[in-house]
Number of protein chains: 2
Amino acid sequence: MHINAEWYRVFLVVSKIENLSRSAEKLHMTQPSVSYIIKQLEESLGIALFERLSKGVRLTQEGKMLAEYVEKAFQQLFVAESQIHLLKQYKLGDVRIGANGAIIKDVVLPILDEFHNQYPDIRIRLLQDKTKAIIDFIKEGTLDAGFVYLPVKEPELAITPLKEVHNCFVVGRNFFELSKQPITTDRLAQIPLLLLSSGSTTRSVLEGWFASQGYSIKADFELNSLDMLIEFAKRGYGAAFVPESFIQDEIELGKLAKLDTLKPLPIQTLGMVTRNKTTFTSDIFTKMFLNAYAE
Amino acid sequence: MHINAEWYRVFLVVSKIENLSRSAEKLHMTQPSVSYIIKQLEESLGIALFERLSKGVRLTQEGKMLAEYVEKAFQQLFVAESQIHLLKQYKLGDVRIGANGAIIKDVVLPILDEFHNQYPDIRIRLLQDKTKAIIDFIKEGTLDAGFVYLPVKEPELAITPLKEVHNCFVVGRNFFELSKQPITTDRLAQIPLLLLSSGSTTRSVLEGWFASQGYSIKADFELNSLDMLIEFAKRGYGAAFVPESFIQDEIELGKLAKLDTLKPLPIQTLGMVTRNKTTFTSDIFTKMFLNAYAE
DNA sequence: ACTTGTTATAGAGAGGATTTATATCAGAAA
DNA sequence: TTTCTGATATAAATCCTCTCTATAACAAGT
């Protein structure tokens, strides 16, 4: 006969109480049921687990040994169920997110703060990497959500546009003259350009914009952080291509000036990428983003 | 809905194989059963344990966590069942026995040797103590079997007479004269007596024997081991009351002589005491004794 | 002897687990 | 596209195990 793991639950109670009738009460069953289960367990194991006394039962040596193991086993199950309970109360768990570049500061951090305030027990892990790598991690389940520039064409992933990012060219004081009136693409191509490293989404979008007008550009300065681009622009090395939100302060302080282009610059859309099936914890995280950026 | 521990067994297999159909085969059930069980478990826990993919299922984060605990839990149960299996093959277990005094050497040791040869993996624990203490230990289940002088009046214990122990008085060379012909009780009472400490069964049996004939004896030497009694007798201090089997050698060597009493000396019966319900391992031990001493 | 508290057994019944059959779905292949 | 394959999900009937009620059996204390 096959052992039913549920019998051990009954056995464990009886082993503590050493009285079938009272165990039955505790288990919300009748005494014959308990008697029957213990009997089955004993027969299946081929060994006596209890002595039957006139005033209850008593564990045999072998029963004692078994009880120790069974106790540990159910303790594991108990802990597991407790953990899941915590998880459901958002008192446990982690969210693993990925973002590329400077998007984090502008879009992710504010919501992250809100999330962390609301669910302080949930651990947050943030990975900064290329769009490609982030997408792959999400596909294999290593990351729960990614924040990248669209378009991303992955049919198996859920992609939600969050926010439009307007880019612009900014220059330092020595080029302020150029900001007085709209600039042609031709004139722009003659200025030294400060761009993100090739391979970045922003870079290729800009290259596409020039190419559609018959220009093939090369970067005079090729850097891999927005902060660096802005720093070089301020010092007058040329025009940096950066998100508008990043240089509001510097423009107001008069350290940088924005160049109006005759032909509108490309607008990038920032999106959140998740798997269609997400983990319990990551669900509430992504929901918070969707609420924050819902029109 | 209440969680059935048996579901976890199914969950564990599925968590390893990540394919319901193949898990079903391994579990000797059908795919819908497995699907149903997993669904119930997920509903009971209120959390998704697997993602359903087109080519199987995949553990969620939460499922992974659960699987780790469940794995440990069933490992415990597996070990427990293995142990019991060993026990049943007499490859594991222990027998705890008690005996008082010198009985051990004569009666217990030979069978103990045989037992140990046959079941070398079973641990033997031997306690030497007073009859009273041994009986109490057996009643509370701390000892499996006891070897003591009968009668023992304990209705809840199983008492089996094993062997009759014939006692006799022995004397050293200076008293050899007395061994030529049967001795009267009167004469015996005049010789210095070497007896076991009062409180021992043997001692009280002898006191009873004298008392029934109107004598109240006192020991001239009161020792608590048979070896000592015999040693003192050999040196001529008086007559020692000891089991016949203990002085065969010395009589043949002419160092001791046995006194024939006119009135026959009391014969003590050595018995084995066990609880009516015994442990699995101790059963085969006591059976060996019963076989060895069966008429 | 009677009462009390216990486990064991028998038999009926209920309900959950299992199966069969089928639907559904996602990918891969034609 | 359409079809085919390999997977899970669902529905409904069946089966079987567990559970209950009722009662027996038993030991211990009154």
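Lettering follows sequence order; numbering is per chain, from 1. Both backbone and side-chain heavy atoms feed into the values below; hydrogens, waters and symmetry mates do not.
If you take CG of A:Leu27 and P of D:dC20, they are 10 Å apart, rounded to a whole angstrom. Rounded to a whole Å, the CG atom of B:Leu53 is 9 Å from the P atom of D:dT8. A:Tyr36 places its OH atom 20 Å from the P atom of D:dA22, with the value rounded to the nearest Å. Atom pair B:Glu43:CD and D:dT10:C1' shows a separation of 13 Å (rounding to whole Å applied). The separation between A:Leu49 atom CG and C:dT7 atom C1' is 15 Å, rounded to whole Å. Atom CG in A:Leu41 sits about 12 Å away from atom P in D:dC18, given to the nearest Å. With rounding to whole Å, A:Ile37 atom CD1 is found 15 Å from C:dT9 atom P. Put simply, CD on A:Gln31 is 10 Å from P on C:dT6, counting in whole angstrom units.
Applying the 4.0 Å criterion to OP1 and OP2 of C:dG16, one finds that B:Asn4 has every side-chain N and O outside that range. Under 4.0 angstrom from either OP1 or OP2 of D:dT19 there lies no side-chain N or O belonging to A:Thr30. For the OP1/OP2 pair of D:dC26 and a distance below 4.0 Å, the side-chain nitrogens and oxygens of A:Arg52 include no atom meeting the criterion. OP1 or OP2 of C:dT9 has at least one side-chain nitrogen or oxygen of A:Lys39 nearer than 4.0 Å. Contact check, A:Gln40 against D:dC18: a side-chain N or O comes under 4.0 Å of OP1 or OP2.
A donor-acceptor contact closer than 3.5 angstrom links the side chains of B:Gln83 and A:Tyr69.
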CA sep, side-chain torsions, deciding dist, call: B:Asp121, B:Lys91, salt bridge (Lys or Arg N to Asp or Glu O under 4.0 Å):
CA-CA 5 Å; B:Asp121 299 313; B:Lys91 298 249 173 96; 6.0 Å; no

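Toward the 5′ end of DNA chain C lies the nearest nucleotide of A:Gly56, the other residue of the pair A:Gly56 and A:Pro32 mapping further downstream. Closest-nucleotide positions on DNA chain D for A:Met29 and A:Ser54 were compared, and the one nearer the 5' end corresponds to A:Met29.
Checked options B:Ile47, B:Leu12, B:Leu45; the residue passing with B:Leu66 is B:Leu45 (criterion: side chain to side chain contact (heavy atoms under 4.5 Å, CB included)).
Of the candidate nucleotides D:dT8, C:dT18, C:dT7, D:dT8 has the atom nearest to the side chain of B:Ser21.
Separation of atoms CZ (A:Arg123) and CZ (A:Arg96) is listed at 10.5 Å; rounding is to 0.5 Å.
Here B:Phe78 and B:Phe74 keep their ring centres 6.0 angstrom or further from each other.
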